[in-house]
Amino acid sequence: MAAAVAEEEEERALLGPGGGSGSAEPEPEPEPRGLGAACDPRRLPHRLLVLALMCFLGFGSYFCYDNPAALQTQVQAVSSILLRSCALTSSNSTPVIFAVGALINAFWLMEAGRFVFGIGGESLAVAQNTYAVSWFKGKELNLVFGLQLSMARIGSTVNMNIMGWVYSRVQHLLGHTGHSALGLTLMIGGTTCLFSLACALILAYLDKRAEKLLCKEQGKTGEVIKLTDVKDFSLSLWLIFVICVCYYAAVFPFIGLGKVFFIEKFKFSSQEASAINSIVYIISAPLSPVFGLLVDKVGKNIIWVLCAVVTTLASHIMLAFTFWNPWVAMCLLGVAYSLLACALWPMVAFVVPEHQLGTAYGFMQSIQNLGLAIIAIAAGMILDTRGYLFLEVFFSACVCLSLIAVVMLYFVNHLTGGDLNWSAKKREKMQKVTATE
Amino acid sequence: VRSREQCGHVSGACNRAATGVMWRLLLLAAAAGGVRREVFESREAGGAAAELFYPPYDLSRFSWGSVNGTLNRTALTAEFRGGPAGEPGGGFANGSLAFRVTAYEADGRDGALPRLLHTANSSKVEFVLAGVAPRGNGSRFVLEVATVEEAGAARRLRSARSIDDEYTPTIFETLSLAAEAPGAVLSFLQWKATAYGSRSPRREDGIRCRAHELHAANCSLPPSAIVRGYFGDRPAGACSVSALNISFGGEDGDVYQEKRYLSWSALLGFGQPPADSFSPLVVAIVAVALGTPAALLLLGGLAVLLARRRRYSEYEPIN
């Protein structure tokens, strides 16, 4: 099937503009280097295809990634080992943590598997980000990040809801419980990875092809990660890293520890607590593309990030110091989280030369994970010794740190005349100017 | 403050899955300016109609070990440990029930969970069940506490929910049973809504602790020598007895079944019960965390204004 799609694409490319797809909108785009009026990769429908592939790539990956979390109770029952829930569930901890959390018996093998998958999953995310920028920069970049996020969330959610059911069916089919049923279920989950792989292969082919057709230089799209690039990172980029680490550190570990909080402080039942705890992800799935589109249309990324961070701070303070209905605070958190993801990640593409993009995203991803792992451990210790009020104050402090970084980024960008906070109109104008030069 | 404690009879009731333990604790305390008395006593645990109770453990029929071996004069603690008399087998074969009392010389806070805040005018009573086998799967222990009060004082059970769980992590509810005269709190029993399933309690050892409604006990003075000695032979009606059931364990699991240990602490004292407030560390972090971005915003705004002015002044000569 992959081949068929690819062939079709090739054909479309050969047919030229309007030949392959009638719906192709004529784009008021400058044609730099006087190249390829017939080049399909510059057209919207082609980009949409690439976008779809990217999204499904993420879907499969996240679906697999969270499989063990969805089957947590079953895994616990089968391996009859006290499961350090942080080891398997936190999909955002660095792979190393999985290894550290490695436990005895056959469990070590599962952990080893997670370790490999962790490495794969994280580099996939980096590759996905880099591809997104190389295909969509200056076009629908924010929307693409939003869509990717929402596909990932849908992947996780579908997985959470479907894997338990699949397990019970498999159990029914095999007639007994135990590791074979679990193994088979995980295998079925694993097939989505094959689907991802197919998407990745097509994507790689299309990317190569576009590169050839558009005469892009090899390696210029930033697929190569060079650690020495780190020393060339600008202050703005470092500030973006700080925002990212501090912000996500105040969201994911909180959600990881949130269930007991809602049960104890707000007297929720266990089901209600699970529901409110997952509302952030449920909200982010439909809202991310909307916000992505909004940020695309308006521009002004820093202002959006500022709004998201302030909203998050407000929601944490609400949870910490009031008994107000936590649904309000959690919904705010969900909205802010989707807004931040759409506005923050694409900013990297504006402050980094294209050839360093892979390094920048890889670095961002890895320090985010490192930060999450450290903060998750710290948060657990704080909770055990000082309770939820202190934990919430700690998370608020993290968000404040991120707020400081946003404010600094705003001024740094303002004083150095950076393009981070341009409106979409100005950005378009400047793009035209550089194109005609 | 001198505290003495005696355990009287316990009766219990039982239902489908609950073990009732009743206990009676009598405390005589001499406070400056006069003698006041409180009696906490065990009585029959009535229980909700839907609940079934096992036959209660009657603490008045327990045999109690000598307190001399457990008296610690420097730490001001003593432990009264006992088990059912003449019944070597049963649930108490490998276990015991104990009341540990601690007196305080000064205001402060306990080091171990639940880290109750105390005054010099109060002491701590800890109820400890160790190794006692439950009589059914998923059964819960219920402790009945009874108070004897002279006419004129009103008893009130209060539950205060606070946002501050810094000293007792994840526990947001503090309960107090207070004897109130018009305009003043005479004495109180205060506790956090949790018990712990470990000798060195940690957060995850928490066992949910629930207080049922305070109800008038259906008896007059308990037949205890100390009560009688304190109140004398008063006519019925001069003193009233009310009882309160406190149950341990919740829907969330069988911590006791696993750990075979339960300890519940309460503070017993005169006057207004102490109340927690935010720790200076929390206040400091909040102030710094919120203050810095605001200050930065101000500074940055100034810097931008200055930069703009300078830029204009640089342009002027050209004009």
Side-chain angles (χ1 to χ4, degrees), chain A residues 82 85 246 250 257-267 269-270 273 306 309-310 313-314 316-324 380-417, chain B residues 111 113-115 159-173 192-194 201-206 208 210 250-253 258 276-308 310-311:
Chain A
L82 187 69
S85 57
C246 294
L257 295 169
K259 203 176 159 188
V260 180
F261 179 63
F262 296 114
I263 294 175
E264 292 294 339
K265 183 166 178 182
F266 297 100
K267 297 273 171 206
S269 70
S270 186
L306 187 70
V309 172
V310 168
L313 182 61
H316 268 302
I317 285 176
M318 248 188 249
L319 288 170
F321 294 105
T322 69
F323 278 108
W324 296 350
M381 290 194 316
I382 289 174
L383 177 60
D384 283 342
T385 53
R386 291 190 168 262
Y388 272 114
L389 178 79
F390 200 93
L391 186 66
E392 276 297 305
V393 166
F394 170 73
F395 284 145
S396 303
C398 283
V399 179
C400 281
L401 212 61
S402 157
L403 182 61
I404 291 169
V406 180
V407 171
M408 276 171 71
L409 180 64
Y410 178 84
F411 290 122
V412 166
N413 180 64
H414 191 96
L415 293 174
T416 58
Chain B
L113 286 174
R115 287 196 204 123
S159 149
R161 295 179 58 67
S162 130
I163 58 165
D164 190 359
D165 67 335
E166 187 179 347
Y167 299 107
T168 320
T170 74
I171 306 303
F172 294 89
E173 191 178 6
K192 297 268 188 179
T194 187
R202 289 165 305 159
R203 175 186 72 87
E204 58 266 38
D205 301 323
R208 185 166 297 230
R210 213 156 67 85
E251 57 281 357
D252 48 337
E258 259 174 47
D276 281 326
S277 56
F278 289 142
S279 71
L281 189 59
V282 165
V283 176
I285 292 177
V286 170
V288 171
L290 291 181
T292 319
L296 199 70
L297 209 59
L298 227 88
L299 271 174
L302 277 177
V304 166
L305 272 179
L306 278 177
R308 188 170 294 170
R310 195 174 306 155
R311 205 174 300 159

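In what follows, chains carry the letters A, B, and so on, assigned in the order in which the sequence lines appear, proteins first and then strands, with residues in each chain numbered from 1. Since the structure is predicted, the reported quantities are computational estimates derived from the model, not experimental observations.
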Checklist line | Considering all heavy atoms, the nearest A/Glu264-B/Arg208 contact | finding: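 The pair with the smallest heavy-atom distance is OE2-NH2, 3.4 Å.
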Next item on the list: Grab the two heavy atoms, one from B/Ala289 and one from A/Cys400, that are nearest each other, plus how far apart they are.
Entry: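 The answer is O-SG, 3.0 Å.
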Checklist line | Derivation and outcome, side-chain contact (heavy atoms from CB on, under 4.5 Å), residues B/Ile285 and A/Phe394 | finding: CA-CA 8 Å; B/Ile285 292 177; A/Phe394 170 73; over 6 Å; no
Item checked: Separation between CG of B/Leu297 and CD1 of A/Ile404, rounded to the nearest 0.5 Å -> 11.0 Å
Check: Is the closest side-chain heavy-atom distance between B/Leu290 and A/Leu313 below 4.5 Å?
Finding: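 Yes, side chains in contact.
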Next item on the list: Flag the pair A/Phe411 / B/Leu299 as yes when at least one side-chain heavy-atom distance between them is below 4.5 Å, and no otherwise.
Entry: no
Next item on the list: Evaluate the criterion side-chain contact (heavy atoms from CB on, under 4.5 Å) for residue pair B/Val286 and A/Val393; output intermediate values, then yes/no.
Entry: CA-CA 7 Å; B/Val286 170; A/Val393 166; 4.0 Å; yes
Item checked: Contact origin within B/Arg115 toward chain A - heavy atom pairs under 4.5 Å -> side chain
Next item on the list: Check whether B/Ser162 gets within reach of chain A through its side chain, its backbone, both or neither, counting any heavy atom under 4.5 Å.
Entry: backbone
Item checked: A/Tyr410, OH: over 12 other non-hydrogen atoms inside 6.0 angstrom ->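 Check fails, neighbour count at 12 or below.
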Margin query: If you count every heavy atom of other residues, nucleotides or ligands that lies below 6.0 Å from B/Arg161 atom CZ, does the total exceed 12?
Written below: yes
Check: Most heavy-atom pairs under 4.5 angstrom with chain A, which of B/Leu113, B/Leu281, B/Ile171?
Finding: B/Leu281
Next item on the list: Tabulate, in ascending numerical order, the residues of residues 382-392 of chain A having at least one heavy atom closer than 4.5 Å to a heavy atom of chain B, or enter 'none'.
Entry: A/Leu383, A/Asp384, A/Thr385, A/Arg386, A/Gly387, A/Tyr388, A/Leu389, A/Phe390
Check: Do A/Lys265 and B/Glu173 pass the salt bridge (Lys or Arg N to Asp or Glu O under 4.0 Å) test, and can you show the C-alpha distance, the side-chain angles, and the key distance before you say yes or no?
Finding: CA-CA 8 Å; A/Lys265 183 166 178 182; B/Glu173 191 178 6; over 6 Å; no
Next item on the list: Pick one of side chain, backbone, both or neither for A/Ile263, based on which atoms fall under 4.5 Å of a heavy atom in chain B.
Entry: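 The side chain, not the backbone.
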Check: What part of A/Ala320 gets closer than 4.5 Å to chain B, counting heavy atoms only: side chain, backbone, both or neither?
Finding: backbone
Item checked: Residues in side-chain hydrogen bond (donor to acceptor under 3.5 Å, both in side chains) contact with A/Ser270, at least two apart in sequence or another chain -> A/Lys259
